[in-house]
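All figures in this text were calculated on a predicted structure; none of them were measured in a lab. Throughout, a chain's letter reflects where its sequence line sits, starting with A, and its residues are numbered from 1.
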Amino acid sequence: MTTRNAARYWTLAPALVLFGAVALLPIGELVAMSVSHVDWVQGQAHWRFVGMGQYARVLGDALFRTGAANTLVFAVGGVVVQMLLGFALALLTTRVARTRVIYRTIFILPILVPGIVIGAMWKLMYNFDFGVLNQILALFGVHPVDWLGNTATALAAVIAVDVWHWTPFVFLLMLAGLESLPQDVYEAARVDGATFVQELRYVTLPLMLPAILVTLLFRIIVGVKVFDEIYLLTGGGPGTSTEVVSYTIFRRFFTEGQTGYGSAMSVVVLFALALLFIAARTATRQRGTPA
Amino acid sequence: MNRAKLGTVAVHAGLICGAIIVLFPFAWIALAAFKTQISLLMGQVAFTPTLANFDEVLFSGTSDYLANYRNSLVIATSSTLIVLAVATLAAYSIERLEWPRWVVHVFLLGAAVFNAVPAITLVGPWYVVSRALGLYNTYPAVILAHATLNLPIGIWLMATFMREVPRELEEAAWIDGCGTLQTLVRVVLPVVMPGIAATAILVFIHSWNEFVVALNLTARQTATVPVAIAKYAQENETKYGAMAAGAVLSTLPSLVLLFFAQRAIVRGLTAGAIR
């Protein structure tokens with residue numbers, strides 16, 4: 001029993017060391033930088049304490065506010081569409097038997113591809129001059145649209161890319177959930193003469209609710225983190241129409257070299273999202289899983 | 001009768017539409033990779049295929065793509081091995097070694113919160129610290145960052161898979177006098193092998209695809225494949241053909257894994273979320 005007690009510690013130790021050294025210590029460093037002005041002289045960082053002032057600047061930063069608002073629109077808007085499409089696609093897929101594996105193989109492809117490659121694909125397709133979308137529009141005599149260069153369409157265009165990228169993930173989780181539902185409930189519903197809509201409303205959705213909530217939370221987390229596609233497709237533009245918080249942090253910290261101020265912004269985002277996550281998890285736990 | 005038939009047709013129509021929408025961008029970029037820059041810019045649908053883009057990406061003097069590929073392989077493989085070792089031990093620890101419940105809760109919650117935070121918030125301090133330690137633009141910096149970013153999902157998956165191992169197996173090993181490490185290696189690991197494979201594949205793909213950390217912690221010598229593709233897209237005049245060829249080549253590992261290990265991939269993607 002004593003060996004087992006000792007084993008408990010050394011088996012968990014590597015994970016704690018890694019989290020401590022590569023996550024917690026850097027967060028400490030981040031907080032320290034956020035109250036400092038950091039100058040880079042010949043690759044060396046020179047720190048000067050400046051207090052909480054940079055935090056005040058973050059909250060008043062117009063770009064940061066726009067970024068936060070766009071991130072919210074991007075994450076919530078994209079995820080809602082993904083949930084609806086993914087669920088519908090999963091429902092359709094459960095209706096076929098022999099071809100199910102083929103469809104599943106095709107539908108999960110986008111999940112496995114680098115975000116940068118997804119960006120590259122859509123950069124080609126959205127192009128104003130030679131993109132295939134405008135070529136298709138031209139067939140119907142419609143004028144070409146500058147999808148990524150127009151403030152009216154840019155955010156919707158990058159959300160559409162995210163929907164294409166991640167609907168497959170929702171589809172896969174919904175399909176796995178649907179496949180694991182008990183079949184006798186459906187037989188009972190059919191015996192009672194339930195229509196398709198009634199079956200969906202009173203049998204499928206309530207049974208799927210825990211899986212739906214988990215998938216929703218999962219997707220919103222990844223949606224809020226968006227960076228790669230924005231970096232490749234729009235760089236936050238035109239103007240600030242596709243600016244998202246990850247990109248604002250990148251811009252302030254790396255492009256503009258504002259180490260201290262970028263750190264303060266990172267701290268704000270980090271703790272805000274950590275708190276939101278804990279709140280969301282507590283809420284879904286209570287409503288979702290029984291235990 | 002007729003309505004049922006109509007329903008079947010509608011189902012297939014929906015699925016085929018979905019498949020076309022998913023596959024079309026792949027086909028389009030693959031075609032673009034075989035077009036000359038001129039035929040690309042003119043939006044030609046009919047064109048004479050050329051290997052010039054692949055030639056430029058792989059073999060021209062100005063391209064580091066092969067080195068980028070090697071960097072990505074080294075970084076993804078190393079970080080995957082670290083995650084497997086650390087996550088397997090940690091998952092065994094919290095699942096089977098009778099920690100007080102609050103310890104397990106705090107540990108898993110901490111990992112989940114860390115997983116919910118955008119990587120870019122930590123890339124800043126990683127950059128500053130790796131410069132101070134002389135690790136900037138070296139493999140260890142990116143490998144450690146990728147390993148830590150993927151550790152929560154690794155622990156999560158391995159814990160899920162270990163929960164399914166019958167305790168009786170381990171108890172038999174205990175009675176036979178096996179130590180903890182022996183029990184883990186000889187009894188538990190063989191049973192969770194499919195789970196380890198699923199975790200390995202998923203973590204490898206995550207690391208292979210990761211961009212924002214690689215962008216800021218690497219320079220020319222250690223840049224990974226996504227960083228290289230982004231460079232083609234960001235140069236003054238976008239090199240669309242090279243970008244497309246680089247993008248196509250970058251998807252090969254995932255396609256191979258999807259072909260040979262689809263069950264493991266599906267297992268990995270769904271195990272954490274659906275119980």
- Can you check side chain to side chain contact (heavy atoms under 4.5 Å, CB included) on V128(B) and W40(A), steps first, answer last? CA-CA 10 Å; V128(B) 174; W40(A) 290 89; 3.8 Å; yes

- Gap separating the CD1 atom of I82(B) from the CG atom of L18(A), nearest 0.5 angstrom: 7.0 Å

- Query: Within a strict 4.5 Å, meaning less than it, do heavy atoms of the F130(A) and Q44(B) side chains meet?
  - Reply: no

- Could you go through the side chain to side chain contact (heavy atoms under 4.5 Å, CB included) check for R281(A) and L109(B) one step at a time? CA-CA 10 Å; R281(A) 212 170 96 124; L109(B) 182 69; 3.6 Å; yes

- Report yes or no: does W28(B) contribute a side-chain atom to a donor-acceptor pair with the main-chain N or O of W122(A) at less than 3.5 Å? no

- Message: Measuring only between side-chain heavy atoms, which start at C-beta, is T251(B) closer than 4.5 Å to L112(A)?
- Response: no

- Note on the structure: Of the listed G235(A), A274(A), P110(A), A13(A), the one with the largest count of heavy-atom pairs under 4.5 Å with chain B is P110(A)

- Message: Minimum heavy-atom separation for Y103(A) and A19(B), please, with both atom names.
- Response: CE2-CB, 4.3 Å

- Message: Looking at chain B, which one of L172(A), L273(A), V269(A), N134(A) has the largest number of heavy-atom pairs inside 4.5 Å, strictly under?
- Response: L172(A)

- Message: For Y127(B) and F254(A), take the angle between the two ring planes, folded into 0 to 90°, and tell me which bin it lands in: parallel under 30, tilted 30 to 60, perpendicular over 60.
- Response: perpendicular

- Task: Just do the ring-ring contact (aromatic ring centres under 6.0 Å, His included) check on F218(A) and W156(B) with the steps written out, would you?
- Result: CA-CA 13 Å; F218(A) 226 80; W156(B) 197 353; 5.6 Å; yes

- Can F250(A) and L215(B) be said to form a side chain to side chain contact (heavy atoms under 4.5 Å, CB included), step by step? CA-CA 11 Å; F250(A) 169 74; L215(B) 175 71; 3.7 Å; yes

- Message: Under 4.5 Å from any heavy atom of chain A, what part of L255(B) do you find: side chain, backbone, both or neither?
- Response: side chain

- If every non-hydrogen atom of V101(A) is compared with every non-hydrogen atom of Q262(B), which pair is closest and at what distance? O-OE1, 4.3 Å

- In terms of heavy-atom proximity below 4.5 Å to chain A, should A112(B) be classed as side chain, backbone, both, or neither? both

- Query: What's the spacing between I106(A) CD1 and I21(B) CD1 if we round to 0.5 Å?
  - Reply: 12.5 Å

- Query: Under 4.5 Å between any side-chain heavy atoms of L89(B) and L12(A), yes or no?
  - Reply: no

- Shortest non-hydrogen contact from T99(A) toward H12(B): OG1-CE1, 4.4 Å

- Query: Between F19(A) and F114(B), how do the two ring planes meet: parallel, tilted or perpendicular, split at 30° and 60°?
  - Reply: perpendicular

- OG1 on T11(A) to CZ on R96(B), rounded to 0.5 Å: 13.0 Å

- Item | Residue pair V86(B) / P14(A): nearest heavy atoms and the distance that separates them | CG1-C, 3.7 Å

- Inter-chain contacts: residues 219-228 of chain A against chain B, heavy atoms under 4.5 Å: I221(A), K225(A), F227(A), D228(A)

- Part of P152(B) lying under 4.5 Å from any heavy atom of chain A: both

- Query: Between V132(A) and F24(B), is a side chain to side chain contact (heavy atoms under 4.5 Å, CB included) present by the stated rule, with each step listed?
  - Reply: CA-CA 10 Å; V132(A) 68; F24(B) 186 80; 3.8 Å; yes

- Message: Heavy-atom pairs under 4.5 Å with chain B: which of L91(A), L89(A), V17(A), V96(A) has the most?
- Response: V96(A)

- Separation of W10(A) CH2 from T180(B) OG1 (nearest 0.5 Å): 6.5 Å

- Is the shortest heavy-atom distance from the side chain of Y9(A) to the side chain of L97(B) under 4.5 Å? no

- Task: Measure across A244(B) and L124(A) and return the closest heavy-atom pair with its distance rounded to 0.1 Å.
- Result: CB-CD1, 4.3 Å

- Task: Answer yes or no: is there a side-chain heavy-atom contact under 4.5 Å between Y240(B) and N127(A)?
- Result: yes

- Message: Between S93(B) (side chain only) and R8(A) (backbone N and O only), is there a donor and an acceptor less than 3.5 Å apart?
- Response: yes

- Heavy-atom contact with chain A under 4.5 Å, split by part of T238(B): side chain

- Task: With the side chain counted from C-beta on, respond yes when R95(A) and L15(B) share a heavy-atom pair under 4.5 Å apart, and no when they do not.
- Result: no

- Note on the structure: If you tally heavy-atom pairs under 4.5 Å between each of F171(A), F196(A), Y231(A) and chain B, the highest tally belongs to Y231(A)

- Query: Of all of G14(B), A32(B), A10(B), A233(B), which one pairs up most often with chain A through heavy atoms under 4.5 Å apart?
  - Reply: A233(B)

- Message: Are there residues of residues 256-268 of chain A whose heavy atoms fall under 4.5 Å of chain B's heavy atoms? If so, which?
- Response: T259(A), S266(A)

- To the nearest 0.5 Å, tell me how far T121(B) OG1 sits from I27(A) CD1. 7.0 Å

- Give the minimum heavy-atom separation between E29(A) and P125(B), together with the two atoms involved. CG-CB, 4.0 Å

- Message: Is it true that Q44(A) and R131(B) share a donor-acceptor pair across their side chains at a distance under 3.5 Å?
- Response: no

- Less than 4.5 Å apart, any side-chain heavy atom of L109(A) and any of L23(B)? yes

- Item | Non-hydrogen side-chain atoms of L16(A) and F107(B) separated by less than 4.5 Å | yes

